[in-house]
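Below, each value reflects all heavy atoms present in this structure, side chains not excepted, and no hydrogens, waters or symmetry copies. Letters A, B, ... are given to chains in the order of the sequence lines, protein chains preceding strands, and every chain is numbered from 1.
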Amino acid sequence: MSIEPTPRGAPLMSVRDLTLDFLVGQRFAAARRVRALDHVSLDIYPGEIVGLVGESGSGKTTLGRALLGMIAPSSGQIFYRSDDLAAKGQAGWGPHRRDLQMVFQDPLSSFNPRFTIASALALPLKLHAICPEAQIPATTGDLLRRVGLRPEFGERYPHELSGGQLQRVAIARAISLKPNLIVADEAVSKLDVSVRAQILNLLNRMNRETGTGMVFITHDLGVARFLCHRIAVMYFGRIVEIGPARELFDNPRHPYTRSLVQARHGDLGAVVTDADEATLSIPDPAKACNYAARCARRIGQCLTQRPPLEPGADHRANACFVPLSPGATVSEGDPVHAAE
Amino acid sequence: MSAPAILLEVEDLHTSFGIKGRRTPAVRGVSFMIREGEALGLIGESGSGKTVTGLSLLRLLPEHAHMDATVLNYRGRDVLGMSDEAFRAIRGVDLAMIFQDPVGSFNPAKRIGWHLEQAILRRGDTQDWHAEAEAILADVGIRAPERVLGSYPHQLSGGMLQRALLAMIIALRPSLIIADEPTTNLDNLVERQILELIRTHQRKLGASVLFITHDLAIAGEICDRIAVMYAGQIIEIGPTREVLERPKHPYAAGLLATSASLDRGDAELHELPGEPGGAIPVRGCAFAPRCAQAMAACSERSPPLVVVGPDHLARCLLHEH
Amino acid sequence: MRELISLLARVAQGAGAILLLALLGAAAVFFAMRAGHGDPALAVLGDMATPETIAAFRLKWQLNDPLLVQFWRWLSGALIGDFGASMVVATGEPIVKLVGSRLPNTLFVGAYALALALVISLIAGTISALRHGKLIDSASTSLAVLGISMPDFWLSYALIYALALGLGIFPSYGFTTPSLSLAGALYSGFLPALAIAAPMAAAFTRILRTALLETLFRDHVRVARSLGHSENFIFLHHVFRNALIPYVTVIGLQVRYLLGGTVVVERIFGVNGVGSLMVDAAFARDYPLVQACALVFLACVLLVNFAVDLICTRLDPRRA
Amino acid sequence: MNRRNALGLIGGSIGAAALPWGTTAAWAQAQTLRAGVTGFTVINTLDPAKASLIPENYIMYGIFNALLKFNDKMEVVGDLAESFQAIDATTLEFKLRRGVKFQDGSDFTADDVKFSIERVADEKTASPNRSKVAPISEIKIIDPFTVRIVTKAPYGPLINYLTNTRTGTQIISRKALEAMGPEAFARRPVGTGRYMVKEWKPNEGVELVGFPGAFEGAPKIMSVNCPFIAEESSGMTAILGNQIDLTSTAPFADVPSLEKRSDVKVLKQPGLNTRYIALNNKRAPFDDVHFRRAVSMAFDRDLLVKAVIFGEGVVTPGVLPPAHWAEGKPVASDFLKFNPEKARAEMALGKYKAGQEGVVLIWGSNWWRRIGEIFVGQVNQVLGTKLTLQAMDFNAAFARAKAGDYDAMVMGWLGLVDPDEYIGEMLGSKGFRNIHHYSSAKMDAILDRGRAEVDRAKRFAVYREAEMLAIEEMPVLSCFTSNVHNLTRPNLKGFTQMAYSNFADQFGTITLS
Amino acid sequence: MKLNLATAMSNKLALIGGCVTGIVALAVVFGPWLSPYSPTEADFLALLAPPSLSHPLGTDSFGRDVLTRVLYGARISLAVSISGVLAAAVFGVIIGMMAAWRGGLWSAVAMRFCDLLFSFPSFVLALFMMVVLGYGVVNIAIAIALIYMPIFARLSRNMALLVKDEPYVHAAILMGQPTHSVLLREILPNIAAPVFVQIALGVAFGIVIEAGLSFLGLGVQPPNPSLGTIMADGREYFQRAPWVLTLTGMVVSIALLGLNLLSDGLRDVMDPKLRARL
């Protein structure tokens, strides 16, 4: 596996202090504000695959969509190279559409059911004049071949293809514009185990061959470790830990990261509650560490202060007042959990 | 040590969908048995027929489905010939099922409390359902049972709902729980907790479990034995360790290799060519088109299940000697 | 307590929305009317009108004022329940009195029709869904399609000739107002109500059948079945209860057709309701009366939809 | 008794209870006359001086009496006047009936007569019938029961205009009107007739109650409901379904089949009415007499009788209905006969040629519209013109006609009793029914003579002269005169039908067995 | 296990619906040419003739062949209904799509306007429009359009809101497709199915509206035949010639039956889940 020493050079995209609130509509009563992203900062370097890992509701998909301008942030900046896109609203992304692409979770619904695969592939080529009109059929055939499909698939309609085949087409469509960054949102989670491996290998190969950077959103830390150079773990709208994939996986510092790693290994560890019951025991959730309610290691400070995401020297950062020491094992003594 | 009694015995189960003359088979001659207290894992990718097998056992198939088997015994009683009404009497209290989608499993118009009340009353020997409901909810790791009882399903997360569903099943104290991908839609951490709960309560109740999943790792943790399904057939069945460590069928072996390569963090994942699902060939082994070891004979005749080890069978011509 | 507050909030919100739509409706009705053609002065004064009497009439009804002034005068009156007086149909008669005496009849026939449609559809839809695929289902679905293919005015005549003139079971014409005799109203209102109800019943039956069938295959029904609940219990609490949500919603949507149906049917059966009044007012170009009738109908639909909305909130906690 | 009969019986007995609207009386007492006013839903007033619509008159006939009335032979006889005689050419003396009470209990005297008629003549009243009494110069009260009406000049139609018809000269109680004011009086009028208004529900109907003190005697049935039934066909349905006992009209087409039924009785006789095509004599193309004549010969009036009213009437021989007392032998004129060749020849004389356009306004129920449809179809076929139809509601059509903004229009008048009403008011240059903008000094002179003539036979001759002139000049195209119909239940007795479309004046003698 | 008769049945009914609609359409389009009679020319020798071989539905009060008039009348009725419903569909879909796509003040205003229209009883609105606009064929079409526009607006708004969040729409935007192309190419085709179903239903109901108005005398004006005027005419001499009202009524019912079955069929074919929406 080719883990490149990242980051280096100028970032391709930078997110600074990005905050995004949803108003949950209560038609008559006051609308409830739900914070999907909470002062998130992140750099993505050219050619790099950054994994966004977290549970549902962690804000990873929201962050991915904000990167592509599909959703407007409440505050904060999104830089593409040095261009602050968020400041210009939707229009900011206009000139960069070609450079920023996306692969979706559900392969079937990411294709308009009314058009054949070939015409779905041809449209972006035409829109951006990637190749002369006459060469479009040849180019689409070529694209299909690159993702391991026979060019004849072009004549079929989306529903005639299997999930794995469609996901290949989706990747072909994304790379056809030769983008600088692809956001892949749970791109393999709906696929069968045997197919998932094929797609992961394909994505990996594409990254190496084209140097296209990727933001890979997944709930599966193992998958992220395989594909990503760096991983950012998100919890309730915040990045709680970020670092090179393998190191982060092998040596988690944030308790949440660790429980994700343990969950993969079949261990429950110290997690005791569901997220929706978590805030029950926190006096003022607005001031506490997001994770405090579920955290077995929490100390007094965790309930009154939000831990900042502090970068360390080894490209790693975590937002925890009591991070796990390097090399800590699962059985290492944790502070006693003052339950109920 | 004498082996525990056989709880459920299935032989040559066939289930198909559609109208007469144009039936699509989903399950093609599945046979297995589950002993008391045993957890059997039913593993397969989409379209392998694992869910249909579970639904068939509980007679929960949609109307246009057609089911048949030579033997279907529960505790030695023939279940196949039972009237619908008689079968209903054992449903829930003897055979229960946990479904994949916790949100859809609850009537959205009714509170959780109502659901639990009905489940507890279904067993029929309770004076104070409310106290019992609270106790069971606490038992499945819910901290504020009162709040949950008064909530509507849409107000709770999937994890909470799956706990509540589990609570309903625990209240019924069945002897066989069919768990159909109960954690697929849940987050990893919650998934772990639910699995843990299932395991704990299985032991507490002394119940058997038929655990349907696509995830080898989970099956490996929960199950005593594992059956791998492909295209409506069991292609390999045996004790968990045997199957996971010494898979005999190329498909099972391929799946395991894939998982293993991911867990190891290989640079290139092991790939199984092709995709599951699709049309089942009329003759021969259904896996043959994807099989790296396929021989001419594989597309000629359907391989039988052959013994490949102690209590370990595989449906592959490679092992037919 | 919280539920009560949220209910009250909903009622207040609904009332606000109704008021807003009613105001918009009033403005739309008023200005649309004035934008149209036809001179109410001549409509009232009829054959022997002289220019002087026409001028006097225009003065009397203040038709020479600017439109906005007229609108404001009308609206401010309408807000305190004074719609002015009828110009033609019953010259000088206060419209409130005129419409007020007709409204009970229309509401009665409408409610009667709705009740018939509900009873028919609940029975037919349930049987159809429970026996779906069977002969009785095919018969009921076919009848339902046939039902919605019978325009109400044509059905009215079929009913008159078959049941009233043919068999002599029901009166062929006329309606006893319910305040005089409820029995008489139920009896004389049966055919008009049935003529309106039949297409409604057909539509309701179809939606109930569909909703029941859809609910029948929901996961929670399968779960309930897996828990060993009896089929009756499951049908009542899991299927029927939930199928009521789309059913009631559709009833809300269909009320506009139902009330629309009263117009023609009232006229055919001689029911003295707002519908037949509006037809006469339309023929006579009785501006203020047409306006008032249209608004009364608008208010009826709004109120019924509001009620349906509240019922749906009760039925479906996700909407609360 | 078989099942069907039993059902019918039950239906019938409940059905009797389920009357149109006013069922109070039906529940209270058995004897209620249910008299449907068919084809109308609007009445505006029950004040004789103000009324202009036929359904208003239907009701008023029973509430009021006039000085005179028509008997069943259509002869003028005394009503509130016991006798009358001409004192000289311009003075009529009326001896009034004594002991007559108004419905409010007050006594009827000469003062009421003077008041009622002068009120119609008063410009401020704005009565549509003002012109009928305008020639009166003075009403002298000789004593409380003797009245003299003096006209400026001899005035022939006066006798007819003092009958209880659509004349507005019904006698009202002065006391009541002055006490109530005209608005309230119009809603609850007080006359001497056998019925009083119990309740008038606008747009629904009128409930009448018998006046026990009526000078003609208390009515046999004290309670009458007169529902307004918009469609004539609904009236028929209602009477067939035993929801009403009597209708004011019948659908023409169904008359033959209704006559064959035993569960309904059809009363019919030639009527006093006229249906015609009104022409705008001041506007192209009907400003040309040759064109008017040509058109008149280009459509077949017999066909209209057959196709529009299914034979329930006759072609109007001239302008006056044949049932009219003035009409003797039919007028024979080629201009009234369908003759395509002559029609085309006649058109050739005028200034309009084939291809000429024109719009005929139509309105009302289908049979009214059929007149226009057939007319236009035939004329276009015969003359090659391009006449078209435009449908609108009556009020709009009539408004355009009054304003002179039309070419032609289907029109008709019902219940007019004097030839002066037909010819004078329709064709006189000042006649208020003259929407044709026809103005002829010759015609006016004839009409003046007709009005001044009091002798019946001589009047006949004068109006025949006017008719001949009308046929010559063809300012309107008379079409036909329909029969008048009433439908009654078989058990209804005592209703005398009159040619001028009477109604409530006969309720007092009706019995239901 | 039971054989699913209902599915087979519904498809069969849909087929019947298509056939009936097709036959009606063919008859309406070509019938008038084949008929030896004129719809407006009177034959006064054959007034109110009962049904016979030469006049299958008898003749009316002008001696005109009722079948011919019904064919022409159905033409007008259908034309009025179809043009009204199509206009409603076009405007409704535009409003609905814009409301779903952009929101904004104008969309909100347009949707409120639709809500308002939707709150009038259908026939009351039609009647009102007749008073405002006057009688006539075009005005009926306008009334039908106003009655149906809110339905299309709501339907297409709801559908577009669903489709708008489909990944393929996002993909199209991310590909840099311009807005009009996204609306026309990605969204419109995918909300078309329910719109077509609604059009079929709407045409059926439009016929009822037209017939009802003309029946009252407020709609199509003679001598133009329309299904409503023919029936209103027939009502006047029902005792004498019951066939005019009854047989015309049956023809109306058959046409509606065809359209209703067809819309059912369309719904089943295009999207079985559609029933739940709107």
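Residues E/Leu261 and C/Val145 meet the side-chain proximity criterion, which asks for heavy atoms closer than 4.5 Å. Side chains of E/Met231 and C/Phe153 form a contact here, defined as non-hydrogen atoms less than 4.5 Å apart. Side-chain contact between E/Val252 and C/Pro151: present, with at least one pair of heavy atoms (C-beta onward) separated by less than 4.5 Å.
Within 6.0 Å of CG in C/Leu75 there are more than 12 heavy atoms belonging to other residues, nucleotides or ligands. Remark: E/Phe91 CZ is loosely packed, at most 12 non-hydrogen atoms of other residues, nucleotides or ligands lying under 6.0 Å away.
A distance of 6.5 Å separates CZ of C/Arg206 from CG of E/Asn260, quoted to the nearest 0.5 Å. Taking OG of E/Ser122 as the reference point, atom CZ of C/Phe297 lies at 10.5 Å (rounded to 0.5 Å). Atom CG of E/Leu201 is separated from atom CD1 of C/Ile148 by 7.0 Å, given to the nearest 0.5 angstrom.
Here the closest heavy-atom approach between residue E/Phe120 and residue C/Ala294 is recorded as CE2-O, 3.6 Å. Nearest heavy-atom pair, E/Pro121 versus C/Gly260, reported as atom, atom and distance to 0.1 Å: CB-N, 3.5 Å. Nearest heavy atoms, E/Leu257 versus C/Leu146: CD1-CD1, 3.6 Å. Listed here is the closest heavy atom pair of E/Val132 and C/Ala32: CG1-O, 3.1 Å. The shortest non-hydrogen separation linking C/Ala282 to E/Leu127 is CB-CG, 4.2 Å.
A donor-acceptor pair under 3.5 Å links the side-chain atoms of E/Ser253 to the main chain of C/Ser149, judged by distance alone.
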* **Evaluation steps, side-chain contact (heavy atoms from CB on, under 4.5 Å), between E/Leu256 and C/Trp154** => CA-CA 13 Å; E/Leu256 296 189; C/Trp154 157 228; over 6 Å; no
* side-chain contact (heavy atoms from CB on, under 4.5 Å) between E/Arg154 and C/Leu253, intermediate numbers included -> CA-CA 12 Å; E/Arg154 284 183 173 203; C/Leu253 294 175; 4.1 Å; yes
* List the steps, then state whether side-chain contact (heavy atoms from CB on, under 4.5 Å) holds for E/Leu218 with C/Phe283. => CA-CA 8 Å; E/Leu218 289 162; C/Phe283 271 118; 3.9 Å; yes
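Close approach to chain C, defined as a heavy atom under 4.5 Å from one of its heavy atoms, is seen in E/Arg235, E/Phe238, E/Gln239 of residues 232-241 of chain E, taken by number.
Looking at E/Ile209, there are no atoms closer than 4.5 Å to chain C (heavy atoms on both sides), in backbone or side chain. At a 4.5 Å heavy-atom cutoff, the contact between E/Leu117 and chain C is made by backbone atoms alone. Residue contact with chain C, scored on non-hydrogen atoms closer than 4.5 Å, involves the side chain of E/Phe215 exclusively. For E/Phe118, the parts lying near chain C are the backbone and the side chain together; criterion is any non-hydrogen pair under 4.5 Å. Contact of C/Leu213 with chain E is not made at all, since no heavy-atom distance falls under 4.5 Å. Heavy atoms closer than 4.5 Å to chain C are found in both the backbone and the side chain of E/Thr246. Residue contact with chain C, scored on non-hydrogen atoms closer than 4.5 Å, involves the backbone and the side chain of E/Ala211 alike. Proximity to chain C is absent for every atom of E/Met129, based on heavy atoms less than 4.5 angstrom apart. Both the backbone and the side chain of C/Val29 come within less than 4.5 Å of a heavy atom of chain E.
Looking at residues two or more places apart in sequence or on another chain, you find a side chain to side chain donor-acceptor pair (under 3.5 Å) between C/Glu266 and C/Thr106. Evaluation of the side chain to side chain donor-acceptor pair (under 3.5 Å) rule for E/Asp60 yields E/Arg64, E/Arg69 as partners, not counting sequence neighbours. The side chain to side chain donor-acceptor pair (under 3.5 Å) check on C/Asn305 picks up nothing, with sequence neighbours excluded.
Options E/Ile207, E/Asp115, E/Ile147, E/Ile254 differ in how many heavy-atom pairs under 4.5 Å they form with chain C, and the most are formed by E/Ile147. In terms of heavy-atom pairs under 4.5 angstrom with chain E, the leader among C/Val290, C/Val255, C/Val304, C/Val279 is C/Val279. Here E/Leu216 is the residue among E/Leu125, E/Leu213, E/Leu216 with the most heavy-atom pairs under 4.5 Å with chain C.
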